[in-house]
2 protein chains.
Amino acid sequence: MPRPAAAARTTHSNTAPPAAVEDIDTSFLESLLGYNARRAALAVIDRFLAGMEPYQLKPVEFSVLSLVAHNPGITSRQLCSTLGILPPNLVGMVNMLEKRELIARRPHPTDGRAMGLHLTPAGQKLVRDAEKTAATIEAGFASRLTPAELRTLIALLKKVYKAA
Amino acid sequence: MPRPAAAARTTHSNTAPPAAVEDIDTSFLESLLGYNARRAALAVIDRFLAGMEPYQLKPVEFSVLSLVAHNPGITSRQLCSTLGILPPNLVGMVNMLEKRELIARRPHPTDGRAMGLHLTPAGQKLVRDAEKTAATIEAGFASRLTPAELRTLIALLKKVYKAA
DNA sequence: TATTGTTATACTCTATAACTATA
DNA sequence: TATAGTTATAGAGTATAACAATA
């Protein structure tokens, strides 16, 4: 974001070390997959965060609810290994979602230690609406990417993190 | 990561609600750009973190050193806006890199408030080696992605986060 | 008046150790 | 003995407010 050409006093002084930097060279970083993946993820998540504001859901909370919706009876342990979060960090989230009466813990049918997670009717409605919003956000990126590019991008991303 | 087919007792009970989940359906989440971008970024950064261990550099510290290397005299403010980090959070990092004698603060040639950042000889050597390692890590992904796919992926990621 | 660098501080996210009850 | 869920806690990472020196 530095202005294009102010203070032209410090131009082409090829030998003097104490020169000011005007245009920042980011070419090396931009050649790295990690740098670009992180920047893109942050940009998309930022948009997602804004879109989920009416539902008071952060990205991970949305992921949890969506997984419970499509996998009624899923356990905490399964959520953790699927989403890559640690059990102690899930507990508070599940408590909060239960207090909001979006999900309910029920005893697991075969494992007395585990609890199966289920959506309440209110949770089902919220997830339906939130997933619709997520799809809309997704479509919003079609302004920068064609549908084909979006498909390609997602396919390549999967190739990167699957079989890690 | 649940085992494929243990406890076959709880199979095809199509009507009973309290059933155990065996294979987790993640298809909706996997259709979302944000989910895939985050997972991919985490996977790559994980690999990067391991590769940078001998240099004792975290991804952001590597980014800072690399930017200083290619832009000698760059200011803290410029680093912050380029990398999307906040000034208070950069201070400690620069202090630490200075204490490790990898960078040096010198007075800015035209702005008395600012400090220009420069690499020490030790810093230059470290960055050269670390960038070589970064390129190697990058090449390591060629096992999952062809060089053409990697180029396409990076180009599409740029499209996503530029013009955000 | 605005900006650079800085301190202090708070809030979130992520990680580790240890306990309980079931398997 | 191992695993699911939980508690407590520690450590990163990220955020805002406010100040001194300079523009």
Side-chain angles (χ1 to χ4, degrees), chain A residues 1-3 6-7 9-10 20-21 38-39 41-43 45-46 49 52 56-64 68 73-99 103-117, chain B residues 1-3 6-7 9-10 20-21 24 38-39 41-42 45-46 49 52 56-64 68 73-99 103-117:
Chain A
M1 282 83 145
R3 297 148 284 150
R9 212 178 319 149
T10 56
V21 178
R38 180 172 167 274
R39 301 286 300 214
L42 288 178
I45 287 169
D46 218 62
L49 212 84
M52 285 299 146
Q56 290 292 321
L57 291 179
K58 278 169 281 186
V60 201
E61 292 160 355
F62 170 83
S63 299
V64 166
V68 174
I74 192 172
T75 68
S76 294
R77 180 49 89 165
Q78 289 175 312
L79 279 176
C80 283
S81 60
T82 304
L83 294 175
I85 53 188
L86 294 169
N89 300 327
L90 183 66
V91 176
M93 224 169 68
V94 171
N95 283 339
M96 186 262 285
L97 294 173
E98 199 175 28
K99 204 166 291 173
I103 64 175
R105 282 182 243 234
R106 295 197 216 147
H108 191 278
T110 61
D111 191 333
R113 299 166 300 181
M115 301 292 288
L117 298 176
Chain B
M1 282 83 147
R3 298 146 283 151
R9 212 177 320 148
T10 57
V21 178
I24 298 166
R38 179 171 167 276
R39 300 288 299 214
L42 287 179
I45 286 170
D46 219 63
L49 212 83
M52 286 298 147
Q56 290 292 323
L57 291 179
K58 278 168 284 187
V60 201
E61 293 160 356
F62 170 82
S63 300
V64 166
V68 174
I74 192 172
T75 67
S76 294
R77 180 48 90 166
Q78 289 175 311
L79 279 175
C80 282
S81 59
T82 303
L83 293 175
I85 52 188
L86 294 168
N89 301 328
L90 183 67
V91 176
M93 225 168 67
V94 171
N95 283 338
M96 185 262 285
L97 293 173
E98 200 175 27
K99 204 167 292 174
I103 64 175
R105 282 182 243 235
R106 295 197 216 146
H108 191 279
T110 62
D111 190 332
R113 298 165 301 181
M115 301 293 289
L117 298 177

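In what follows, chains carry the letters A, B, and so on, assigned in the order in which the sequence lines appear, proteins first and then strands, with residues in each chain numbered from 1.
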Trainee: Take atom NE2 of A/H108 and atom P of D/dA4, then tell me their distance rounded to the nearest Å.
Mentor: 10 Å
Trainee: Locate the shortest heavy-atom distance separating A/L117 from A/R105; write the atom from each residue and the value.
Mentor: CD2-CG, 3.6 Å
Trainee: Taking all non-hydrogen atoms of both residues, which atom of A/L90 and which atom of A/S76 are closest, and how far apart?
Mentor: CD2-O, 3.6 Å
Trainee: Grab the two heavy atoms, one from A/M93 and one from A/V64, that are nearest each other, plus how far apart they are.
Mentor: CE-CG2, 3.2 Å
Trainee: If we ignore hydrogens and angles and just use 3.5 Å, is the side chain of B/Q78 paired with the main-chain N or O of A/V21 as donor and acceptor?
Mentor: yes
Trainee: Check every atom of D/dT16, C/dG5, C/dC13 against the side chain of A/K58 and return the nucleotide holding the closest atom.
Mentor: C/dC13
Trainee: Taking all non-hydrogen atoms of both residues, which atom of B/T82 and which atom of A/R39 are closest, and how far apart?
Mentor: O-NH1, 2.9 Å
Trainee: Can you measure A/L117 atom CG to D/dT6 atom C1' for me and round it to whole angstrom units?
Mentor: 14 Å
Trainee: From the set D/dG5, C/dA21, C/dA2, return the single nucleotide nearest to any side-chain atom of B/R113.
Mentor: C/dA2
Trainee: Between atom CG in B/L90 and atom C1' in D/dA12, what is the gap in whole Å?
Mentor: 16 Å
Trainee: Taking CG from B/N95 and P from C/dT7, how many angstroms apart are they, rounded to a whole number?
Mentor: 7 Å
Trainee: Looking only at side-chain atoms of B/N89, point me to the closest of D/dA15, C/dT14, D/dA4.
Mentor: D/dA15
Trainee: When the distance from CD1 of A/I85 to C1' of D/dG5 is rounded to whole Å, what number comes out?
Mentor: 14 Å
Trainee: I need the CG-C1' distance between B/L49 and C/dT14, as an integer number of Å.
Mentor: 13 Å
Trainee: What is the distance, to the nearest angstrom, from the CZ atom on B/R77 to the P atom on C/dT4?
Mentor: 5 Å
Trainee: Using five base pairs at each end, measure the axis-to-axis angle across the helix from C/dT1-D/dA23 to C/dA23-D/dT1 and round it to 10 degrees.
Mentor: 10°
Trainee: Return the value, rounded to whole Å, for the distance between atom CD1 of A/I74 and atom P of D/dA4.
Mentor: 13 Å
Trainee: Quick check: on DNA chain D, is the nucleotide nearest A/P87 upstream (toward 5') of the one nearest A/L42, or the reverse? Name the residue that is more 5'.
Mentor: A/P87
Trainee: Considering all heavy atoms of both residues, which atom of B/M52 and which atom of B/L57 are nearest to each other, and what is their separation?
Mentor: CB-O, 3.2 Å
Trainee: Any idea which heavy atoms bring B/A41 and A/A41 closest together, and the distance?
Mentor: CB-CB, 4.3 Å
Trainee: Of the nucleotides C/dT7, C/dG5, C/dT14, which has the atom closest to the B/R38 side chain?
Mentor: C/dT14
Trainee: Looking at C/dG5, D/dT16, D/dA4, which one has an atom nearest to any side-chain atom of B/L86?
Mentor: D/dT16
Trainee: Relative to the 5' end of DNA chain D, which residue comes earlier, B/P88 or A/V91, by the nucleotide with the nearest heavy atom?
Mentor: A/V91
